[in-house]
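In what follows, chains are A, B, ... by sequence order, proteins preceding strands, each numbered from 1. These numbers come from a predicted model, not from an experiment.
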Number of protein chains: 2
Amino acid sequence: MSDHFRNAVIKKLNNGDFDCTKEFTVSMFSGKHKLLILWILINDGPQGFSYFMKRLKGISKKVLSNQLNELIGDQIVSKREYLSGKVHHTEYQLTDIGQTLIPIVIALNDWGENRLKQVSLVKKFNNDL
Amino acid sequence: MSDHFRNAVIKKLNNGDFDCTKEFTVSMFSGKHKLLILWILINDGPQGFSYFMKRLKGISKKVLSNQLNELIGDQIVSKREYLSGKVHHTEYQLTDIGQTLIPIVIALNDWGENRLKQVSLVKKFNNDL
DNA sequence: CAGGATCCACCCTGATACTG
DNA sequence: CAGTATCAGGGTGGATCCTG
């Protein structure tokens with residue numbers, strides 16, 4: 001999923017079409033890594049830019065920066081900056097609004113876990129024949 | 001959202017990376033219209049191809065066909081075909097697996113509804129100043 | 001009625017290089 | 001450390017035309 005989706009939803013909203021409530025929610029985490037970013041924030045608490053770089057292996061700075069900024073724009077995540085010496089540090093954390101997404105993220109995770117379990121059981125079964 | 005996301009998840013799974021359970025769930029409705037398709041199926045029950053064409057104004061046949069086929073591939077939706085005279089008819093409906101997504105779709109909708117309500121209240125408030 | 005085939009435009013992701 | 005700028009690649013949605 002990319003942000004074709006997010007952009008489409010934003011367009012709809014700008015056009016006064018407020019009848020896309022589910023899409024709106026999904027647009028909060030449409031973006032290849034946003035869900036993982038949220039997951040990390042939920043489980044590991046507030047983190048800095050480099051922490052996400054480590055956890056999201058393969059992600060580029062630009063993309064990480066974009067996704068974080070979109071989350072900030074959606075008021076799901078907030079950012080704090082500070083300097084220690086000459087070095088620039090950051091800390092990202094869930095906003096109050098972001099926290100209301102937690103049950104949904106967990107539900108998504110649970111559903112996926114169960115489904116993948118089923119799928120692999122079926123695979124195993126077929127392999128056993 | 002498009003299926004960058006879906007494809008990425010499928011790739012991960014094929015690589016034996018089963019640690020993307022939330023992404024897997026989201027990939028079920030990654031695709032610009034899938035969520036609406038599911039919503040229609042949930043609220044209006046089984047429907048034919050043309051019904052979706054009417055409800056999803058602006059969607060092209062190809063895209064609708066693609067999204068339905070992906071939903072079928074994910075075993076979220078099943079399809080029945082029959083001919084009346086020389087005319088080809090279809091009926092799509094949620095599978096048992098698809099039905100397990102209902103609570104999630106509803107949760108997505110509720111969250112979006114509440115959030116949009118907040119947003120428009122804030123807007124109204126600012127306009128009233 | 002359903003839907004496959006083609007061509008096109010858009011945009012997101014990814015890689016690299018540069019800056020405060 | 002935390003980004004931004006730029007460029008290339010790949011994929012999806014959209015429009016149109018054709019078929020069983």
Please tell me which of the listed nucleotides, C/dG3, C/dC1, D/dG13, lies nearest to the side chain of B/Val87? C/dC1

Distance-only donor-acceptor test (3.5 Å): side chain A/Lys62, base D/dG3: no

Taking the minimum atom-to-atom distance to the side chain of A/His89, which one of D/dG13, C/dG4, D/dC1 wins? D/dC1

Taking any heavy-atom pair under 4.0 Å as a contact, classify A/Tyr92: base, sugar-phosphate, or nothing. sugar-phosphate

Can you tell if the side chain of A/Trp111 reaches within under 4.5 Å of the side chain of B/Ile97, non-hydrogen atoms only? yes

Would B/Asp19 and B/Lys12 pass as an ion pair if we require N to O under 4.0 Å? no

Euclidean distance, atom NE2 of residue B/His33 to atom C1' of D/dG14 [Å, nearest integer]: 9 Å

On the side chain of B/Lys86, is there an atom forming a donor-acceptor pair with the base of D/dG20 - under 3.5 Å, no angle test? no

In whole angstroms, the gap separating C1' of C/dG4 from CD of B/Glu70 amounts to 15 Å

A/Ile59 CD1 to D/dT4 P, in whole Å, measures 13 Å

Roughly how many Å is it from NZ in A/Lys79 to P in D/dC1, rounded to a whole number? 16 Å

Round to a whole Å and report the spacing from NZ of B/Lys57 to P of D/dG14. 16 Å

Between A/Tyr92 and A/Leu71, does a side-chain contact (heavy atoms from CB on, under 4.5 Å) hold up when you go through it step by step? CA-CA 10 Å; A/Tyr92 296 88; A/Leu71 287 169; over 6 Å; no

Using whole Å, report how far NE2 of B/His88 lies from P of D/dC18. 22 Å

At under 4.0 Å, does any side-chain N or O of A/Asn69 touch on OP1 or OP2 of D/dG3? no

Could you measure the distance from the NZ atom of B/Lys22 to the CD1 atom of A/Ile106? Nearest 0.5 Å is fine. 10.5 Å

Tell me whether B/Asp96 at atom CG has more than 12 heavy atoms from other residues, nucleotides or ligands lying less than 6.0 Å away. no

Considering only D/dG14, C/dG14, C/dC1, which nucleotide approaches the side chain of B/Val63 most closely? D/dG14

With a 3.5 Å cut-off and heavy atoms only, can you find an N or O donor on one side and an acceptor on the other between the side chain of B/Lys61 and the base of C/dG3? yes

Quick one: A/Leu56 CG to C/dG14 C1', roughly how many Å, whole number? 14 Å

Please state how far atom CD in B/Gln67 lies from atom P in D/dT12, giving the value in whole angstrom units. 10 Å

